[in-house]
Amino acid sequence: TGTRESIFRVPSGALIFQRDQQYVIKGSAEHPKAVGVSVIAESNNFSSIRPLNPSDLNEGDVVATKGAIFLMKMINSGSKL
């Protein structure tokens, strides 16, 4: 039997490309978390994505659409706001 995996639609500006992998940043600015994703489809304004680890992204999670690169730098450096 196959497994059912969720596909999410996010603004294309929410995607970050780093070290040959694409990510979205979820959570608040105070507690951001990078989520590795696979891009299924893209249009001018939106992308359909699937998280690499299905439990990392759920319906209703908030993803950064602006400032995501800054948040990724914070995560990588261990800094906090």
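The chain is numbered in sequence order, starting from 1.
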Heavy atoms only: give me the nearest V35-P51 pair and the separation to one decimal.
CG1-CB, 4.2 Å
Of the non-hydrogen atoms in P11 and T65, which two are nearest, and what is the gap between them?
CG-CG2, 3.6 Å
Can you check whether S48 reaches V39 side chain to side chain, under 4.5 Å on heavy atoms?
no
Residue pair F8 / E59: nearest heavy atoms and the distance that separates them
CE2-N, 3.5 Å
With no hydrogens and no angle check, is any side-chain donor or acceptor of D61 less than 3.5 Å from a backbone partner on N58?
yes
With heavy-atom distances below 4.5 Å as the criterion, would you say the side chains of L15 and V24 are in contact?
yes
Look at D56 together with K33 and state whether they make a salt bridge at an N to O cut-off of under 4.0 Å.
yes
How close do S12 and N44 get, counting heavy atoms only, and between which atoms?
OG-O, 4.3 Å
What pair of heavy atoms forms the shortest contact from A29 to M74, and how long is it?
O-CE, 3.7 Å
For the student: nearest non-hydrogen atoms of A14 and V63, plus distance
CB-CG2, 4.4 Å
Starting from F70, can I reach Y23 by hopping between I/L/V/M/F/W/Y residues whose side chains sit under 4.5 Å apart?
yes
Would one find more than 12 heavy atoms of other residues, nucleotides or ligands at under 6.0 Å from atom CD1 of I69?
no
